[in-house]
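Contents: one structure, followed by commentary.
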Amino acid sequence: MSESMTQRVGWTREQMAQRVAQDIENGSYVNLGIGIPELVAKFVPEGRTLIYHTENGLLGMGPSPEEGEGDPELINAGKKQVSAIPGAAYFHHADSFSMIRGGHLDLCVLGALQVAQNGDLANWSTGEEGAIPAVGGAMDLVAGVKKIYVITQHTTKTGEPKLVESCTYPLTGLGVVTRVYTDLAVIDVTPDGFRLVELTPGADFAYVQERTGAQLLPLSH
Amino acid sequence: MSESMTQRVGWTREQMAQRVAQDIENGSYVNLGIGIPELVAKFVPEGRTLIYHTENGLLGMGPSPEEGEGDPELINAGKKQVSAIPGAAYFHHADSFSMIRGGHLDLCVLGALQVAQNGDLANWSTGEEGAIPAVGGAMDLVAGVKKIYVITQHTTKTGEPKLVESCTYPLTGLGVVTRVYTDLAVIDVTPDGFRLVELTPGADFAYVQERTGAQLLPLSH
Amino acid sequence: MIDKQISSPAEAVRDVFDGATVMVGGFGEAGSPIELIHALIDQGSKDLTIVSNNTGSGEVGLAALLKAGRVRKFICSFPRTANSTVFPELYRAGKCELELVPQGTLAERIRAGGAGIPAFYTPSAVGTPLAEGKESREFDGREYVMEHGLKADFAFVKGRSADTYGNVVYNKTARNFGPIMAMAAKVSIVQVESVVEPGGIDPESVVSPGIFVSRVVEVAEPAHESELIAAGVSYP
Amino acid sequence: MIDKQISSPAEAVRDVFDGATVMVGGFGEAGSPIELIHALIDQGSKDLTIVSNNTGSGEVGLAALLKAGRVRKFICSFPRTANSTVFPELYRAGKCELELVPQGTLAERIRAGGAGIPAFYTPSAVGTPLAEGKESREFDGREYVMEHGLKADFAFVKGRSADTYGNVVYNKTARNFGPIMAMAAKVSIVQVESVVEPGGIDPESVVSPGIFVSRVVEVAEPAHESELIAAGVSYP
């Protein structure tokens, strides 16, 4: 993006992840999606313990193992090798999705292709001709987890807004997203639409609104 | 009954149980109801291994423990203390009834209040005014287990037939019983109704028919 | 820092409120969380709906809770047992409502409640009085009845051991309804003989993962219903 | 005398027939019963419907079965992965049908198939293309879609250890779909690293009770998909 060549506006991926981490309460059961969401685990504030769920059957997921220490049968939903913390538990897929569907997880942090102002999420398919459709556990997560946060770049690589009036891509779930963390701002999905919660360094309201495909309500105090 | 005072006609409870045991194939997964059905386990022919399921969460139920050896937390569906064989497994109630409802058990042997000629079974309630209704797992067993045998006295204590044209007591299940073992005969439930399979010592066709509340078809060869 | 251990049964059941639905584990005396039930008797909440396979024996545990007049409704598969006189008397006197559910349907409804399944179809009870008034439907030529998931405000469960994250293992056939009730309740309270540190339970052998368990409380030597009855105990 | 041990993967999959539905455990390479899949490739049956979370990577395991042209239809939640080219090519060429199912719905459908539940309601996929054409219904003001139980003729599952009665334990996240697929198939075939005598597995820790398992076969040192791919293996 042109901004980064002159003076950086907004947050890096790590800063986005760090900001999300601040909003997660001690003791939460959390499922982190593949990609930027995975970074969140690195920034959990001192004194808080989170328990990570991975839908392929592990509660108490720990960090990646040291080189050569991994087990190809201990992986996360992204199929990367992970570890298990003391106090972990393994279970089968029906039990794992009972946790999800049954509303037992406190939070899921997901990436997005598009988020609509009513909380609709599209994150599994661009609906492209000839693409192989693949959904995984995304639809179950958004339907079942208590709170869905999205972490995403504010716009696509070509500058198209990802926060929109209504999604044009196939939906993952209806009205499921409660908060969006982007490189430019933290934005809540409210009954009135998108509402700005926090700006990032160098980004003002107009700057964020310009890059948002729906009306943005100002900070409320 | 008057017969027993002169010359015994038919089988004792043990003989009934023994006769049932002969019809159970090696390797079967079997659930035995409370009462006479429990006796079946004592008469399994040499060389056959059956695996007993008790719906309160044990596959591989073994005999009653020696006096003082029992565990109040190792019981059967009749709430009597039992043991677990090597190769047993414990599980929770939803898994236990998945075995039952999912058609994984080969055979269930139950007692009966009434069996109708179309296989309907009544075995949980006499519908009596003021009685406390209690059903337990009977309705799940008859709906799910592959084969339902009934073992019962041919008539009630007052001489009323228990094999009838249609049940007058509240039903446990519709068309579920395939074979009935009584003190007087072995009788199949067929599309044409009750058919005699085997007579017991001292009982001839007329004798059994007289004590049966529906038409009895003769032995077919 | 996560520590779900609570100091006493009294403390663990402190916030049960009037009118709450409480699932209580156990099949007969196996798995019956007697100390939690007795703490609930002491605690005083009333108009409770209890979901449990049986209604208790003698005058301890569930039978004592019933006797204390605290149960408005009982959801149950088998409300009579050898030594059970309390429930039958209340029921005949019209003082306690009963919803009778086949045992497997009860288990599946509880599991569905915990798994976010609002309703499912089962062949159990088709054509019987227990299917009366229920919606039925054919699949592949066979008739099934629709049953609803069942949830609760609290679950009282008895395990063998737990860690402070709430992972629980059970003892033999005392497992029964515990794991699914823990799933189906907003607040799941598990009494165990010993609470250990995280790592003290093999993650391959955990039966109730901690996410289903809100509180664990140590009762090192839990009473057995049959022993209390044999000793002539009537609680409180 | 009960002994479910079979001498070899080839013998274990001998009776898979043309047109059979086969559930195959595994999530990525974890829990993928590669030796059973390879035995099925050798065995020759075709027009198969495969139920598995992924479609395999490289040219081993499920991808090799697909490449051999033996799969008519795939029921799956995520049919593309980093090293997966076989399925995408077949799919684009119209040579393999795909039924895409959300992962949790897939798991629950399999579990329902094994548990005798013909249909259930789930909130997953409501309002999305994957709910199109499906019956929906409101419960307590929320919309749900109806999904059907899923059964199979065979299940191929990878465990860690089993006894000769068919009780199985698993390894870490390789457990995934194995236990529910074993429930949902008429004939469940489990490959394990070691087969032990009854009594060799703690009854409290059994994950798949033997009633769900038809055959166990020892594969002492099972291959991992990633290692085969790294070694350039293309099966057969």
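The sequence lines fix the lettering, A, B, ..., with proteins before strands; numbering per chain opens at 1. Only heavy atoms go into these numbers, but all of them, side chains included; no hydrogens, no water, no symmetry mates.
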Would you call A:Pro86 and C:Glu197 a side-chain contact if the rule is heavy atoms closer than 4.5 Å? no

Which bit of A:Ile85 is near chain C, if near means a heavy-atom gap under 4.5 Å: side chain, backbone, both or neither? side chain

Rounded to the nearest 0.5 Å, the CD1 atom of A:Ile51 sits from the CD1 atom of C:Ile2 at a distance of 4.0 Å

Under 4.5 Å, counting heavy-atom pairs only, tell me which of C:Val196, C:Asp202, C:Asn167 racks up the most with chain A. C:Asn167

Smallest separation among heavy atoms of C:Met183 and A:Ser98, with atom names: CE-CB, 3.6 Å

Under 4.5 Å from a heavy atom of chain A, the part of C:Lys151 involved: neither

To the nearest 0.5 Å, atom CZ of A:Phe91 lies from atom CZ of C:Phe212 at 7.5 Å

For atom NZ of C:Lys46, is the number of surrounding heavy atoms from other residues, nucleotides or ligands below 6.0 Å larger than 12? no

Could you tell me which non-hydrogen atom of C:Tyr165 sits nearest to which non-hydrogen atom of A:Tyr29, and how far apart they are? O-OH, 3.7 Å

Which pair of non-hydrogen atoms, one from C:Pro203 and one from A:Ala88, has the smallest distance, and what is that distance? CB-O, 3.2 Å

Nearest non-hydrogen partners of A:Gly87 and C:Asp163, listed with the distance: CA-OD2, 3.8 Å

If you measure from CD1 on A:Ile100 to CD1 on C:Ile211, what distance do you get to the nearest 0.5 Å? 9.0 Å

Quick one: what part of A:Ala143 sits under 4.5 Å from any heavy atom of chain C, side chain, backbone, both or neither? neither

Which of C:Gly116, C:Ala115, C:Ala184, C:Gly113 touches chain A most, by non-hydrogen pairs under 4.5 Å: C:Ala115

Give a yes or no on this: more than 12 heavy atoms of other residues, nucleotides or ligands lie within 6.0 Å of atom NZ of A:Lys42. no

Has A:Gln22 got more than 12 heavy atoms of other residues, nucleotides or ligands less than 6.0 Å from its CD? yes

